[in-house]
Amino acid sequence: MTPRRHSLVLRLIATGAIWAAALLVAGGIALTSLYERSVLGALESRLQSTVNALVAASETSDAGEVTLAREPTDPEYSLVFSGRYWQIADWRTEDRLRVIARSRSLWDERLRPPDRLMEAAAAQPGTPITMKIVGPDDEPLRVIAQAVILSGRPDMVVVLAAEDQRPADREVRRFGLISLGLIAFFAIALVAGLVLQVRFGLAPLFRMRQAVAAVREGQAERVEGQFPSELQPLGDELNSLIVHSREVVERARTHVGNLAHALKTPIAVLLNESRSEKGGFAELVERQADTMSRQVDHHLRRARAAAHAKAVGAKTDVCTTLDDLTRTLQRIYGRQGITIGFECEGDIYFRGERQDLEEMAGNLLDNACKWSGGEVKATARLADEGKLEVIVEDDGPGMDAERREQALQRGVRLDESTPGSGLGLSIVGDLAAVYGGQLTLGESELGGLLARLELPSRKR
């Protein structure tokens, strides 16, 4: 299974965006919480002021009754069920709570604090206790209860001030929504900034990739450009690797040439000697030496093509090469009444050596001319991304599927009446495989054989 590749740019952007989003969300939650505390603190401060005013205005008569010298002046305490209330209650052991005085806003209702609130206030006289309760209009109330001991009274008095908490909650929610909108805006702005930062920061790496691609496509001899100090050593190593690759290819070509000379000379001697003699043994030597010569040529071509395929920057103009081939073959086979047509669709470049393309295309065209009834057609075009096709068709007898499969095997000759060694299509298939391509055979619209050669392409 091929490992899944991840984009470095996307990884950097995603990591930065997730971290920024987490910090923004955490900051938004913290700010909303602090704002809620501030709003509730202001509400409780107002309630505490009311409690302090009620305690200061509370007086005890000679009969022990509690009266108020003055009531809070806030008009909200005079409107029925306005959401702001106060109440003074007598904390008694026998009936727990008796209302002494209350705001007009309570009308004929009263505040009903839970027992735990009253007990907490009674346990700490003079200390305000805050809690959330349900009001007379079923509204949520924020209430402060404070127990005080007045002179002339044996029992404690509990002073309560309450206010509707819904306006404060709405203000907090509004702040939260505004914060959410601001966080979303900042998140988008941060992601945009991250994209620009990553693109700008990785721009030298992209330039180096383009420089390497230019070398691979044959547009440059070495990786050149202005790179940061962190990337310059990588560029230097790549240039050293390119130089080393070219040296290896040159050494391989030299060895191939030396081997060709070393083998062809003794083989030529054997052929010459066997042809000058008569008899069965001489004919056997001639046939075997001729076979050896063809096999040596075949494997030397494969070795040379393998070295060329590994070379960096090799590039061949397909249209020009095929045009030259068809013109040459037209002069040879034109006397036999064969017409060779050629069509090239756009600028097409082969990622390899010209002599290898000539070897492959020449074998296909020569084979088509040998079997043609009078018409041969060659077409070059771009196929899928990074691929090109060279298609050679003829109007000859063609082949069925079984014979087409046999024709690709090395040394197989389906008709001994035609000249050749049986290595032509095999050589083409082997050379194409060295370059990562392939040769396939099919039926031509002209009625004969169709040979489709697929090879790696290169940009201009």
Side-chain angles (χ1 to χ4, degrees), residues 3-52 76 82-85 111 113-114 116-117 119-121 123-124 127-135 137-146 160-209 227-231 234:
R4 186 178 180 183
R5 294 179 174 86
H6 299 278
S7 170
L8 177 61
V9 173
L10 292 179
R11 185 182 302 176
L12 291 174
I13 293 174
T15 303
I18 292 173
W19 177 247
L23 289 179
L24 286 173
V25 170
I29 293 174
L31 285 175
T32 303
S33 177
L34 290 173
Y35 185 74
E36 181 180 19
R37 290 185 182 182
S38 175
V39 171
L40 293 179
L43 188 152
E44 292 172 3
S45 178
R46 292 195 299 271
L47 295 178
Q48 186 62 52
S49 298
T50 301
V51 168
N52 292 338
E76 294 289 330
S82 64
R84 300 190 67 180
Y85 314 103
L111 297 176
R116 65 179 182 276
L117 175 63
E119 290 170 358
Q124 306 176 62
T127 301
I129 306 298
T130 305
M131 189 173 289
K132 188 176 180 180
I133 65 173
V134 177
D137 200 22
D138 293 330
E139 72 270 45
L141 296 178
R142 195 78 176 177
V143 64
I144 286 183
Q146 181 175 335
L160 300 101
E163 185 174 333
D164 189 352
Q165 191 173 321
R166 287 177 298 185
D169 292 340
R170 284 194 297 269
E171 189 173 353
V172 172
R173 282 196 300 271
R174 184 171 66 252
F175 180 84
L177 291 175
I178 294 174
S179 299
L180 181 62
L182 290 174
I183 287 174
F185 172 77
F186 287 135
I188 294 173
L190 282 174
V191 170
L194 280 172
V195 171
L196 293 176
Q197 181 181 4
V198 170
R199 286 289 181 182
F200 179 77
L202 295 181
L205 195 60
F206 298 148
R207 291 200 305 271
M208 177 169 285
R209 182 184 66 180
F227 304 111
S229 57
E230 294 82 0
L231 288 180
L234 177 59

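When all heavy atoms of Ala161 and Val51 are compared, the closest pair comes out as CB-CG2, 3.7 Å. In terms of heavy-atom proximity, Ala168 sits nearest to Val39 at CB-CG1, 3.5 Å. Smallest separation of non-hydrogen atoms from Arg142 and Leu47: O-CD1, 3.1 Å. For the pair Leu194 and Gly16, the tightest heavy-atom approach, listed with the atom from each and the gap, is CD1-C, 3.3 Å. Counting all heavy atoms, side chain and backbone alike, Ile129 lies closest to Leu117 at CG2-CD1, 3.4 Å. Here the shortest heavy-atom pairing between Leu190 and Ala20 reads CD1-CB, 3.8 Å.
The line from OG1 of Thr32 to CZ of Arg173 is 12.5 Å long, rounded to the nearest 0.5 Å. Expressed to the nearest 0.5 Å, how far CD of Glu76 lies from OG1 of Thr50 amounts to 11.5 Å. Here the CZ atom belonging to Arg199 is positioned 11.0 Å from the CG atom belonging to Leu12, to the nearest 0.5 angstrom. With rounding to the nearest 0.5 angstrom, the OG1 atom of Thr127 is 12.0 Å from the CD1 atom of Ile144. Taken from CD1 in Ile183 to CD1 in Ile29, the straight-line distance is 8.0 Å, to the nearest 0.5 Å. Taking CD of Gln124 as the reference point, atom CD of Gln146 lies at 11.0 Å (rounded to 0.5 Å).
You'll find the side chain of Gln48 stays beyond 4.5 Å of the side chain of Ser45, heavy atoms only. Two residues are said to be in side-chain contact when any heavy atoms from C-beta on lie closer than 4.5 Å; Pro140 and Val134 fail this criterion.
Distance alone, capped at 3.5 Å, places no donor-acceptor pair between the Ser179 side chain and the Gly28 backbone. Looking only at distances, a side-chain donor or acceptor of Thr15 sits under 3.5 Å from a matching main-chain atom of Arg11.
Partner of Tyr85 under the side-chain contact (heavy atoms from CB on, under 4.5 Å) criterion, chosen from Leu160, Val143, Asp164, Leu141: Leu141.
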| query | Are Leu205 and Arg209 close enough, and set up right, to give a side-chain contact (heavy atoms from CB on, under 4.5 Å), and what steps lead you there? | reply | CA-CA 6 Å; Leu205 195 60; Arg209 182 184 66 180; over 6 Å; no

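For Glu139 and Gln165, the side-chain atoms include no donor-acceptor pair closer than 3.5 Å.
Applying the ring-ring contact (aromatic ring centres under 6.0 Å, His included) test to pairs two or more places apart or on separate chains, those with a residue in residues 163-204 are Tyr35-Phe175.
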